[in-house]
Amino acid sequence: MLLCGHRVKQTQYFRAQRRGLFRCFKDFKVMAAYEMKDIESKWRKVWLDRQSFAVDEESKKQKYYVLEMFPYPSGRIHVGHVRNYSLGDVVARYKKSNGFNVIHPMGWDAFGLPAENAAMERGEHPGKWTYANIDVMRTQLQSMGLSIDWSREVATCHPQYYRHEQKMFLDFYRKGLAYRKESMVNWDPIDNTVLANEQVIDGKGWRTGAPVERRKLSQWFLKITDYADDLLDGIKTLDRWPDKVRIMQENWIGRSRGLQFKFALEGLDESVEVFTTRPDTLFGAAFVAIAPDHPLAKKLAGNKAGFDDFLKTCAAQGTSEAAIEQAEKIGFDTGVRAVHPFDASKTVPVYLANFVLMDYGTGAIFGCPAHDQRDFDFATKYKLPITQVVAPVDGAEVKLPYSDEGVLVNSDFLNGMEVEAAKAAAIEKIEKLGVGFGTTQYRLRDWGVSRQRYWGCPIPMVHCKSCGIVPVADDQLPVTLPEDVTFDKPGNPLAHHPTWKHTTCPSCGAAAERETDTFDTFFESSWYFARYCDPRNEKEAFSKEKAAYWLPVDQYIGGVEHAVLHLLYSRFFTRALSDCGYCDVKEPFAGLFTQGMVTHATFKDQDGKWLFPTQAVTNDAGQLVHVDTGAPVTEGRIEKMSKSKKNVIDPDDILNNYGADAARLFILSDSPPERDLEWTVSGIEGAAKFVHRLYRLVTEIPLQAVEKPNEFTPAQQEMRTQTHKALSGLGADIEAFHMNKAVARLRELANAIEKYKSVHSAGDWAYREALEYLIRGFNPMMPHVTEELWAHLGHDTILADMTWPEIDASLLQSDTATIAVQVNGKMRATITLPKDMDQKAAEAAALSDPNVQRALDGKAVKKVIVVPNRIVNVVVG
RNA sequence: GCCCCUGUGGUGGAACUGGUAGACGCGCCGGAUUCAAAAUCCGGUUCCGAGAGGAGUGUCGGUUCGAUUCCGACCGGGGGCACCA
């Protein structure tokens, strides 16, 4: 980059640009000769020419499958991707150098809503848009220097990919795992189209602003609930998953033991079946509530005034759980009364209620206001009686609703029992009466896979007037998407395509219509990890042998936002595929790491409009102003990078201005990977500075090869100890994903080498060893510059092919320990003692220390606690 | 609303299973180099205090010889909630 005729280091240029300081660097000195761009592209070419990361399936080495969640090709990579793939690359390179046969593939989660939005906004075909984005993003990812075997790349929108998932769906269908049922969708009444939850903003359609309605649609479902127990039990085996993800999945599946039973309806020949997890509170029942779309709703209340209005109100609610839970709880009294199963003289009103879900349990509940907040609110609102039936064991007065442990009161035969015992007794009694049974319910619902959209995998089914629903024959796959679609009309372009849906029935040959729904895009991401094992197989999704060799994924890495859905669907899919004979694994991901988000400060102009960080610059007076207009800019809070708030950084700028190694180093240093990372200019500049420093450290002093001496001076010995300690801890840090600590450790070693350098000659064996270990330790994080420096040291090997440096364990041991001495828990001195010293002797040494003596101040020693090699705590009275 | 996570100097963070709080970095301060600056190098940097010493890990309380770490309550920030991926 040229500026004023002088070659200027690019980071400086970038910073100057940010500050808006375009003054002439007249006497600017030419900086270090390190030209990162040339070096980086040179080494990427070397790896490519040598096929360093191509997978060898004949290898005798143990396999190791490193996988980062594949990206959605939205246009350009974002910093979150850089973080994700930098992390994975450290693991892949580290494992490779530790003797594993590593597979590290990449592909594209290429179906999805944004492509259709682009089509509507810009008139560009979703496929064209997607493939163009893939080309851009592939180039971007490649410029990061990732150790990826690009020959295995897949794109899920490619018919050679999705044909196999159409086959899978047919296999699931034949196995009874796929079925149709009605379920609710968000409906935009103006566009006449189904909206995704994210397209519903404050209960209104994002484009039309019309209040969204709930509407029933017949859709395809996969029976994930068949696997509820297995998915739940399997969580226990996932010992290399974060606890929080396992807990979230457990809660999501939500297995609960309870009671299902029938309330007889007074004066009617009908009953309402309810499910409850609190059968013990049955004597506290104040009402029965059923879902507005319950089959009995119309029958019980259809003639009542206000019924239609009530249904309309409910239909105006969103379909998401958050929307339902946060909406005001409202009910509609049917006027019908339900008879208490234990006492026929007692009846409770039956309400329709907007918070009862038809999808969960039986679509009906009974409410016990004294022991549940929601029921309490409901009863208060509709002035229903509240009867306490559980009281604390000590009989204390409590504020209702009370949901803790206790004993039953006001409950006839349950009185005096504890909650758990009462649950069992109530279930037993109901079973004896023959009106119900103890059962297990799951919060988990079946997976609705139908989407009324174009840019997805067509569902290979045909609707025939005489034969009903008929699967497309296997040899007719794939059912491909038509290219000539228009997005000028709202709704699904597949449905209003003039010819596409017209076909013949595979069964009777008569004219029939194709299913125009496409799959949820979670479908594609539920098996892509298996496709990577055998990506060019045309006959089948993947060969069983290859899957058996490579699966499960040993280390999966991705955003914590996928903790439930994607990961649970993939676990289900793998089981279902296994049951259909595709493979023999159940758990797709043996190890999981969930990274935090990338955040950045936000900027707004005077009108409150969001600005890109590059639009906000500091002027000479130190004020934050708009780069073009000079108008004042305010800096807002630090938030997750998002296009809508414009607080995004384009990785291309970073890679161009600082280089891939600096970008990777920054993203791996400072913040622990599981936590959020705040992107800052000073952070990336600090990293770039270090890359240059490392380069100088190794290149500025000429090194001549030296024989390893038989004896080392104490200083050399110390240098070697530091070197081996650093590398030994480094491996442990990388394995534990403590990348920030790993970097800190190496920086410490670099500091130690710098100090050592100033007092020792260049031809020192220990010095050379330290430098070589430093370079090799940094290689997984900064692969380019370390290769360059390795070559500079005169090696004709490349680090990408090398094994991890050997650690001399004898250097790690120390024969002394520094021990802290506390008096009454307060640190008073440190003493250095021989390692594993006798406790009595350590105690004596501690007590004789002058600082300790002073702190004791002649007081009587009551007790001395000695933790060997760590601490001595003297307790005085 | 429900579930999950998180809170340590000016700042990002470190501290193995309860045992020397602040590693490493950013920033800042001082120095070297320079005509001067940038870059680079060296030193310092939790707070209060001249010092001895005292205080200190969101807040309050508890367990312990000893708590950033364990327990309880509260407050702040974030993620997920089934059609965003």
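Protein chains get the first letters and strands the later ones, always in sequence-line order, with residue 1 at the start of each.
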**Item:** Between P of B/rG1 and CG of A/Asp372, the distance in whole Å
**Value:** 15 Å
**Message:** For A/Phe573 together with A/Phe523, are the ring centres under 6.0 Å from each other?
**Reply:** yes
**Message:** Under a 4.0 Å threshold between the charged nitrogen and the carboxylate oxygen, would A/Asp520 count as salt-bridged to A/Arg451?
**Reply:** yes
**Request:** Send over the distance from A/Leu833 CG to B/rU20 P, rounded to a whole Å.
**Result:** 16 Å
**Asked** At under 4.0 Å, does any side-chain N or O of A/Arg854 touch on OP1 or OP2 of B/rG53?
**Response** yes
**Item:** Aromatic ring pairing A/Phe572/A/Tyr227, orientation class (parallel under 30°, perpendicular over 60°, tilted between)
**Value:** perpendicular
**Prompt:** How many Å lie between CD on A/Gln722 and P on B/rC24, as a whole number?
**Reply:** 12 Å
**Message:** Please report the distance, rounded to the nearest Å, between CD in A/Gln839 and P in B/rC65.
**Reply:** 17 Å
**Message:** Please classify the nucleic acid contact of A/Arg745 as base, sugar-phosphate, or nothing, using heavy-atom distances under 4.0 Å.
**Reply:** nothing
**Request:** Can you tell me, in whole Å, how much space there is between the C1' of B/rU63 and that of B/rG18?
**Result:** 11 Å
**Asked** For B/rG66, does either OP1 or OP2 sit under 4.0 Å from a side-chain N or O belonging to A/Asn824?
**Response** no
**Message:** If you assign A/Pro672 and A/Asn251 each to the RNA chain B nucleotide with the nearest heavy atom, which residue ends up on the more 5' nucleotide?
**Reply:** A/Asn251
**Asked** Contact class for A/Lys826 (heavy atom, under 4.0 Å): base, sugar-phosphate, or nothing?
**Response** sugar-phosphate
**Message:** Measuring only the P atom in each nucleotide, how far is B/rC26 from B/rG44? A whole number of Å is fine.
**Reply:** 15 Å
**Prompt:** Given the rule in the side-chain hydrogen bond (donor to acceptor under 3.5 Å, both in side chains) test, do A/Asp517 and A/Gln219 qualify, once you have shown the distances and angles that lead to the verdict?
**Reply:** CA-CA 8 Å; A/Asp517 284 356; A/Gln219 315 204 63; over 6 Å; no
**Request:** Specify the residue among A/Glu748 and A/Gln822 whose closest nucleotide of RNA chain B lies further upstream toward the 5′ end.
**Result:** A/Gln822
**Prompt:** Does A/Glu748 pair with A/Arg745 as a salt bridge, N-O distance under 4.0 Å?
**Reply:** no
**Request:** Considering only NZ, NE, NH1 and NH2 on the basic side and carboxylate oxygens on the acidic side, decide whether A/Glu561 and A/Lys640 come within less than 4.0 Å.
**Result:** no
**From OH (A/Tyr442) to CG (A/Leu231), nearest 0.5 Å** = 10.5 Å
**Prompt:** Quantified in whole Å, what is the P atom distance between nucleotide B/rC60 and nucleotide B/rU68?
**Reply:** 13 Å
**Request:** Between B/rG12 and B/rU59, how far apart are the C1' atoms? Round to whole Å, please.
**Result:** 24 Å
**Prompt:** Cationic tip of A/Lys329 within the cone over A/Phe378's six-membered ring, i.e. under 6.0 Å and within 45° of the normal?
**Reply:** no
**Message:** Applying a 4.0 Å non-hydrogen cut-off, can you work out what A/Val875 is touching in the nucleic acid: base, sugar-phosphate, or nothing?
**Reply:** sugar-phosphate
**Request:** Answer yes or no: does atom NZ of A/Lys755 have more than 12 heavy-atom neighbours from other residues, nucleotides or ligands under 6.0 Å?
**Result:** no
**Item:** Straight-line distance of A/Asn186 CG to A/Leu217 CG, nearest 0.5 Å
**Value:** 11.5 Å
**Request:** In whole angstrom, give the distance that lies between atom CG of A/Asp670 and atom P of B/rC24.
**Result:** 13 Å
**Request:** With pairs defined as Watson-Crick or G-U wobble and both distances under 3.5 angstrom, please note down RNA chain B as a dot-bracket string, | for pairing with another strand.
**Result:** (((((((..(((......[....)))((((((.......))))))(((....)))..(((((..]....))))))))))))....
**Prompt:** If you look at every strand shown and take non-hydrogen atoms under 4.0 Å, does A/Ser669 touch a base, only sugar-phosphate, or nothing?
**Reply:** nothing
**Prompt:** When every nucleotide of nucleotides 78-85 of chain B is labelled 5' to 3' by its protein contacts under 4.0 Å (heavy atoms), B for base, S for sugar-phosphate only, - for none, what sequence of letters results?
**Reply:** SBSBBBBB
**Item:** Whole-angstrom distance between B/rG62 and B/rG53, as gauged at atom C1'
**Value:** 29 Å
**Request:** Using only side-chain N and O atoms of A/Arg675, determine if any of them is under 4.0 Å from OP1 or OP2 of B/rA14.
**Result:** yes
**P gap between B/rC5 and B/rA73, integer Å** = 14 Å
**Request:** Sticking with atom P, work out how far B/rG7 lies from B/rG58, rounded to a whole angstrom.
**Result:** 8 Å
**Message:** Whole angstroms only, please: what is the CG-P distance between A/Asn873 and B/rG18?
**Reply:** 17 Å
**Message:** For a quick test of reading the model: is some side-chain N or O of A/Arg828 closer than 4.0 Å to OP1 or OP2 of B/rG54?
**Reply:** yes
**Fill in**
Among B/rC5, B/rA14, B/rC24, the one nearest any side-chain atom of A/Ile247 is B/rC5
**Request:** In whole angstrom, give the distance that lies between atom CD1 of A/Ile871 and atom P of B/rU69.
**Result:** 16 Å
**Message:** With a 4.0 Å cutoff (strictly under), does any side-chain N or O of A/Arg696 reach OP1 or OP2 of B/rC41?
**Reply:** yes
**Message:** Using a 4.0 Å heavy-atom cut-off, does A/Thr818 contact any base of the nucleic acid, only the sugar-phosphate backbone, or nothing at all?
**Reply:** base
**Complete:** When rounded to whole Å, the NZ to C1' distance for the pair A/Lys741 and B/rG13 reads 11 Å
**Prompt:** What nucleic acid atoms does A/Ile865 come within less than 4.0 Å of, heavy atoms only: base, sugar-phosphate, or nothing?
**Reply:** base
**Prompt:** What class does the angle between the rings of A/His566 and A/His562 fall in, given that below 30° is parallel, 30 to 60° is tilted and above 60° is perpendicular?
**Reply:** perpendicular
**Message:** Between A/Arg374 and A/Asp377, does any NZ, NE, NH1 or NH2 come within less than 4.0 Å of an OD or OE carboxylate oxygen?
**Reply:** no
**Asked** In whole Å, what separates the P atom of B/rC47 from that of B/rG22?
**Response** 14 Å
**Message:** Can you tell me whether the base of B/rG66 sits syn or anti, using the 90° cut around 0 to define syn?
**Reply:** anti
